[in-house]
There are 2 protein chains.
Amino acid sequence: MDRTARRSENRYGNRPTMKDVAARAGVGLKTVSRVVNGEPGVTPDTERRVQEAIAALGFRRNDSARVLRKGRTASIGLVLEDLADPFYGPLSRAVEEVARAHGALLINGSSAEDPDREQELVLALCARRVDGLVVIPAGDDHRYLEPEIAAGVATVFVDRPAGKIDADVVLSDSFGGARDGVAHLIAGGHRRIGFIGDQPRIHTAAERLRGYRAAMEDAGIPVEDHWMSLGVTDPERVRRAAEEMLQGPDPVTAIFAGNNRVTVTVVRVLSEVDRSVALVGFDDIELGDLLRPGVTVVAQDAAQLGRTAAERLFRQLDGVTLLPERIELPTRLIRRGSGELPPAD
Amino acid sequence: MDRTARRSENRYGNRPTMKDVAARAGVGLKTVSRVVNGEPGVTPDTERRVQEAIAALGFRRNDSARVLRKGRTASIGLVLEDLADPFYGPLSRAVEEVARAHGALLINGSSAEDPDREQELVLALCARRVDGLVVIPAGDDHRYLEPEIAAGVATVFVDRPAGKIDADVVLSDSFGGARDGVAHLIAGGHRRIGFIGDQPRIHTAAERLRGYRAAMEDAGIPVEDHWMSLGVTDPERVRRAAEEMLQGPDPVTAIFAGNNRVTVTVVRVLSEVDRSVALVGFDDIELGDLLRPGVTVVAQDAAQLGRTAAERLFRQLDGVTLLPERIELPTRLIRRGSGELPPAD
DNA sequence: CCCGCATCTGACAACGTTGTCCAGGCCCTA
DNA sequence: TAGGGCCTGGACAACGTTGTCAGATGCGGG
């Protein structure tokens, strides 16, 4: 009959509200709100009574209502390709740290490299009214985000640029990194160098391919079509692609691997091959230094990517109006042995 | 002056509401709601007008308001130790997949193994009114969750049991796995076996230590204190601990490493040592098969842990009232060479 | 003793959505 | 043509919080 009894009829458990706390403490609703939010203007005695009621009832403020009222959610969304990919672990951790420093929570989802799923996720996050978005784009058309950005959702793209809209983007220098990596192989005496990478519709993959071509062209080496394998990342097909490059009339003496997953598989293949084949991979891989030979890589700093993007995001949120910018982080060639093997022929 | 003009005065951008859509389409508020939610009872013609207005205004439903009204958020929280740890990548991905299958979003945070931070995160998630929680506990006292669970927040602990409350938990058989791993070394002829693990206040670490002791005791081997190093995980100290075990009057001939991070560092140390020392690690590590020798591990299935926990969570949410249960998943010994090295003395 | 001021407190509306319920219009039948 | 049932649409309250504003209380000074 009384209020407490009525509450227990609620559908989902029976969480106390500020009203309940107020009733129990014998104060007004707004006073409870003041105590909960640490606002001034409450006598110590009143505050104590309210705190006791809060503790007794196990009250916890309902942030949904708060958000509705205040307009800000103190949460940001992170859409990436695959949470399980070791490349994204440090990246999301870095984004989380920055978010935490700004008192925001992180909601994240994996697009699985599917543009539709990316859009679905992003829009779901917008419906939750996240304050901002960090997106590693899977698709190449982000015009669907225009109304959201216009409505004030801060947005930063990472690792790959946004498609068909003008927005902030933070990425690694894929072109320069790949060019340097391939040039390193060329400097070591290699001329027949293979490239295994992802589909060129993925920006980073295309840039790395371009870097490969540029290094070859700079050295005056014509590239044979069958030295390049594009759009393969699953182990099975990478394996086959590598094996094919290593056979035939003019087999490659070195391979440039376009990302961490490709590198891992190529390492496996090369460990089973008699011949000594040089390898440089894009992205660092764990334990790369302990393999024999150590794996030479063009490393990018995933954590730095995430940190930079998140910081940019919160600068947007702090109300600074910034023109969309493209921030490119350098890569670093780490020599460990596999990239320094001389050509075997 | 008119409604549209007023809207643009809003603080945070100017997002259209259902009211705006209704005005533009010339229908009532509730009709817009019906269209947005796919409820029946709207003529095709009306629906078309509403859809047009939605598209023209760039309307997106405000889920905060929806949540406030409906009581469910369709989101679950995941609190783990460190998003960047390769062990948790597949785990969170698995949780995300299950959540997605149930139409829920995933909010996650890292506790950094700090009980206070865990509690802070968990309570922040509860304030957001997540429907459920998957928690990899850092602390050992979770009574602070009692009011939340009573209020209907479904909760499942993973990897380690909850402290001082009765709740679902999904974990790997740390004790059995460690015992088997150590027994494997003993079967290979080792008697002086070292153990390097995390602080025993962490349940998994304690269980693995217990497994180590059990295997030794089963074989009738008394354990020397200086064979065990507890509470060290940072590379520097693991390195020192390993080096100490390998020196002195009765140096160990084999090491059991208590988790993936320890294993990696021990592999590094052993690669610099002349002597041949056997190694079995808990947790699989990437590329463990490519090292020479390959790294023998007691593998647990992180994805399966996450999947099992999340499915249990949604079963709770589907209204099935279940008694708290402890689900233990088996581990698997993977022989790759390092665990099969004979004792060197 | 009363006034004015400062301090503390509470009533009320609003945030944007959904559930309830009723009104009006249509078609069908008697 | 009147009556009944069905379908569509809309008015209104409620979800739990916060911002606004005004009322109550207490205190010191004239």
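Just so it is clear: chains get the letters A, B, ... in the order the sequence lines come, proteins before strands, and each one is counted from 1. All values reported here derive from a predicted model rather than from experimental measurement.
Residue contacts for Val67(A): at a heavy-atom cut-off of 4.0 Å it reaches no nucleic acid atom on any strand shown. Using a 4.0 Å heavy-atom distance criterion, Val36(B) is classed as making no nucleic acid contact.
For Glu39(B), the salt bridge (Lys or Arg N to Asp or Glu O under 4.0 Å) test picks out no residue, with sequence neighbours left out. Residues meeting the side-chain hydrogen bond (donor to acceptor under 3.5 Å, both in side chains) test with Asp159(B), sequence neighbours left out: none. When the salt bridge (Lys or Arg N to Asp or Glu O under 4.0 Å) test is applied to Arg100(B), the partners found at least two apart in sequence or on another chain are Glu120(A). In this structure Arg48(A) satisfies the salt bridge (Lys or Arg N to Asp or Glu O under 4.0 Å) test together with Asp45(A), Glu52(A), sequence neighbours excluded. Looking at residues two or more places apart in sequence or on another chain, you find a salt bridge (Lys or Arg N to Asp or Glu O under 4.0 Å) between Glu325(A) and Arg312(A).
For Lys30(B), the side-chain atoms get nearest to dG10(D) when compared with the rest of dT17(C), dG10(D), dA11(C). In the set dG16(D), dT9(C), dT17(D), dT9(C) carries the atom at the smallest distance from any side-chain atom of Val42(A). Nearest nucleotide to the side chain of Leu68(A), out of dC15(D), dT17(C), dC15(C): dC15(C).
Evaluation of atom-type donor-acceptor distances gives no pair under 3.5 Å for the side chain of Arg34(A) against the base of dG19(D).
Separating the CG atom of Leu29(B) from the C1' atom of dC15(C) is a distance of 13 Å, rounded to the nearest angstrom. One interatomic measurement links the two molecules: CZ of Arg66(A) to C1' of dA14(C), which rounds to 16 Å at whole-angstrom precision. In this structure, CD of Glu39(B) is placed 12 Å from C1' of dT20(C), rounded to the nearest angstrom. Note: CG (Asn37(B)) to P (dG9(D)) measures 15 Å, nearest angstrom. One interatomic measurement links the two molecules: CG of Asn62(B) to C1' of dC15(C), which rounds to 9 Å at whole-angstrom precision. The interatomic distance linking Arg15(A) (CZ) with dT17(D) (P) rounds to 10 Å, in whole Å.
Residues from residues 43-57 of chain A that place a heavy atom under 4.0 Å from any atom of DNA chain C, listed by number: Thr43(A), Thr46(A).
Taking only side-chain nitrogens and oxygens, Lys19(B) never comes nearer than 4.0 Å to OP1 or OP2 of dT17(C). The phosphate of dT17(C) has neither OP1 nor OP2 within less than 4.0 Å of any side-chain N or O from Ser33(B).
Arg93(B) and Asp82(A) are joined by a salt bridge, as a carboxylate oxygen and a charged side-chain nitrogen come within less than 4.0 angstrom of each other.
Partner His142(B) forms a side chain to side chain donor-acceptor pair (under 3.5 Å) with one of Lys164(B), Glu118(B), Glu148(B) and no other, that one being Glu118(B).
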